[in-house]
Q: 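I am attaching a structure below and will ask some questions about it afterwards.
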Amino acid sequence: MNAATVDSTALTERELVQFVYREASLLDQARYAEWLELFADDGMYWMPLSPGQTDAKLHTSLMHEDKLLLGIRIERLAGARTYSQQPPSRCHHLLQQPEVLSRDDEAGQYQLRTSFHYIETRKDDQFLLAGWATHDLVRVQGALRIALKRVDLLNCDAAFGNICLFP
Amino acid sequence: MSKYRNNPEAIQALVRPGEVHKDLYVDAELFELEMERLFANTWVYVGHASQVPQPGDYTTTTVGTEPVVMVRHSDRSVRVLVNRCPHKGVQVAGGTCGNTGKFFRCPYHAWTFKTDGSLLSLPLRKGYENTGFEHCEASQGMATAGAVHVYRDFVFCRLAPQGISFGDFFGGSLSTIDNMVDRSPEGRLEVAGGVLRYMHPCNWKMLVDNQTDTCHPMVAHESSAGTAVAVWNRAPEGTPKPMAVEQFAPFMSPYEFFEKMGIRVWDNGHGHTGVADSIHAAYSPVPGYWEQMVAAYGEERAQAILGDVRHNTVYFPNIMVKGPIQTLRVFKPVAVDRTLVESWTFRLVGAPDLLLERTCMYNRLINAPTSVVGHDDLEMYERAQQALKARGRDWMNVARLLEPGEADAPEAVVNGTSERQMRNQFQAWARFMTSEASA
């Protein structure tokens, strides 16, 4: 890729921010298959168990899933014998304006940080999680994809009940 | 009106050979008596010695609902103290862990206690002269567990000062802990990888029952493990099988697999699934590990250690150990319908990191509040907790493969789909709920 094509395809901040809004919006609308398509083939969703956690392998996480595992999760949600999702959970993300932390147009790599309040509900129960998401985005054949979505919950080390969807 | 407190016969009558009464799961008085008797008269897991390596190191937890602090005393022994100041009742050790130095200091009025619980000093001591303080309970310092036993770094306590000995209580069941520790080439474990904490709105015994319930995985986990297998089967041919699929897939094994793997029971409510085979038997080898084990133990012994692939071992009343994947789950009773599940993992000291990575992955996929397998199970527990209150059916059935006279043979190996281990737990439950009933 030469310099001219980089310039012509450089993403505006608005495009980056809109990507993050759209990602949350797809989850809130339960459009999970479309949501999964936002991930790069080797993309990961990571929700650490400890504040400031750096190791996803030798330390347990709440979630550390590649596209295969995320796909299993999504297919399961609609399964005829997935009794824990009958009725289904619903979620809502309330996002603060995403902040672009870094950008490298030549490499097509971007990082954004977004504070959120996340609500998940099922039957008569509802709970709130607060935290921030860090999106590592990559440009793959002209389109933005998620290389890593890291979700840091403010109370990641708390005793939770079920968290069934995707903060 | 007390239904059970002064009525050991009524408690005994709740456990029949092939069924148990719903009150074990829904009756608040029984829960209270469990905390007073069952969790005082049995040996209950407190923690692992690697959590408190240095004098003054402590960690806080609960035994039943009793708040305790496990601390390394100045003589390097591990002590278990009731975490309550004898002055005004304030929790002395704060947070989950730390180092308290040579003594605990209550943050309210600065009374201090040695790490064996004895009262060290209190401000304005003169004010207690000629008050009869030495006859007050407070002069004895913090209460301690009745007895503490450390077995290969696993710390257990019996809250009651008198009762069954550690060795008599656990008997042959300690072989599961032995096997897990022996899997380290250095014969040593360390707590590692963090702890998952998962709140369950159900009675603690539902979780214990579930550990040796081998007729539920292919049904309740069809949604999670079944979907994992289905998705994996669509992967292009030749794709290397991911570790996660290796861990999910065996949950979908047919009944015959679980029948053949067997169940072993020991006296006092302990027992394990996976005598001949288990869902942990077919994991890919970890490079370099076998050679380390052979160097440490010799080929024959290494083979014997790694060939023992026990699935779930229940240590009555409330923990489960998985030797081949180095996890320990504690089912902490909070209320009759509330249980905190803690899932701990261990590093096999000296073994390749990949083993800890595998263990952490298993813990995350199966035991986390975000785990789809966990969601499957919790849905069933919640439904049971609600529906057990229904009238018209008052008993829960545990008759599968009941054999006449089995209660007279405390140790046995039986068909892996038997509910023998559940019956074993209920017999122990009735025994330890009533043995001190007059005390």
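Every chain is numbered from 1 and lettered A, B, ... according to where its sequence line falls, protein lines coming before strand lines.
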Q: Side chain, backbone, both or neither: which part of B:Arg234 has an atom under 4.5 Å from a heavy atom of chain A?
A: side chain
Q: What part of A:Leu62 is in contact with chain B, defined as an atom under 4.5 angstrom from a non-hydrogen atom: side chain, backbone, both or neither?
A: both
Q: Under a 4.5 Å cut-off applied to non-hydrogen side-chain atoms, are B:Ile319 and B:Phe331 in contact?
A: no
Q: Identify the two heavy atoms, one from A:Cys156 and one from A:Pro51, that lie closest to each other, and give their separation to 0.1 Å.
A: SG-N, 3.4 Å
Q: Any salt bridge between A:Arg145 and A:Glu37, counting N to O under 4.0 Å?
A: no
Q: Pull out the residues in residues 66-77 of chain A that come under 4.5 Å of chain B, heavy atom to heavy atom, sorted by number.
A: A:Leu68, A:Leu69, A:Ile72, A:Arg73, A:Glu75, A:Arg76
Q: Whether the B:Asp209 and B:Tyr25 side chains hold a donor-acceptor pair (N or O, under 3.5 Å, no angle test) is what I'd like checked.
A: yes
Q: For a quick check under 3.5 Å, do A:Thr134 and A:Lys149 share a side-chain donor-acceptor pair by atom type?
A: no
Q: Which members of residues 93-103 of chain A, sorted by number, sit under 4.5 angstrom from chain B on a heavy-atom basis?
A: none
Q: With heavy-atom distances below 4.5 Å as the criterion, would you say the side chains of B:Met206 and B:Leu388 are in contact?
A: yes
Q: Taking atom types as modelled, find out whether A:Gln86 and A:Thr82 have a side-chain donor-acceptor pair closer than 3.5 angstrom.
A: no
Q: Are side-chain N/O atoms of B:Asp337 and B:Gln385 paired as donor and acceptor at under 3.5 Å?
A: no
Q: Below 4.5 Å, heavy-atom pairs only: which of B:Ala192, B:Ala244, B:Ser224, B:Pro201 has the largest tally toward chain A?
A: B:Ser224
Q: So which pairs with a foot in residues 193-203 of chain B pass side-chain hydrogen bond (donor to acceptor under 3.5 Å, both in side chains), sequence neighbours left out?
A: A:Asn162-B:Tyr198, B:Asn203-B:Lys205
Q: Can a donor-acceptor pair be found between the side chains of A:Gln85 and A:Ser89 at a distance below 3.5 Å?
A: yes
Q: A side-chain contact here means heavy atoms from C-beta on lying under 4.5 Å apart; do B:Phe39 and B:Pro333 qualify?
A: yes
Q: Between B:Ser184 (side chain only) and B:Glu186 (backbone N and O only), is there a donor and an acceptor less than 3.5 Å apart?
A: yes
Q: Under a 3.5 Å distance rule, please check whether A:Arg122 uses its side chain to pair with a backbone N or O of A:Pro87 as donor and acceptor.
A: yes
Q: Is it the side chain or the backbone of A:Asp55 that comes within 4.5 Å of chain B heavy atoms, both, or neither?
A: neither
Q: Do the non-hydrogen side-chain atoms of B:Pro324 and B:Tyr283 ever get within less than 4.5 Å of each other?
A: no
Q: Pull out the residues in residues 340-377 of chain B that come under 4.5 Å of chain A, heavy atom to heavy atom, sorted by number.
A: B:Leu340, B:Thr345, B:Asp353, B:Leu356, B:Glu357, B:Cys360, B:Asn363, B:Arg364, B:Leu365, B:Ala368, B:Pro369, B:Thr370, B:Val372, B:His375, B:Asp376
Q: Taking the side chain as every heavy atom from C-beta outward, state whether B:Pro53 and B:Gln51 have any atom pair closer than 4.5 Å.
A: no
Q: Given heavy-atom pairs under 4.5 angstrom as the criterion, report whether the side chain, backbone, both or neither of A:Ser61 touches chain B.
A: both
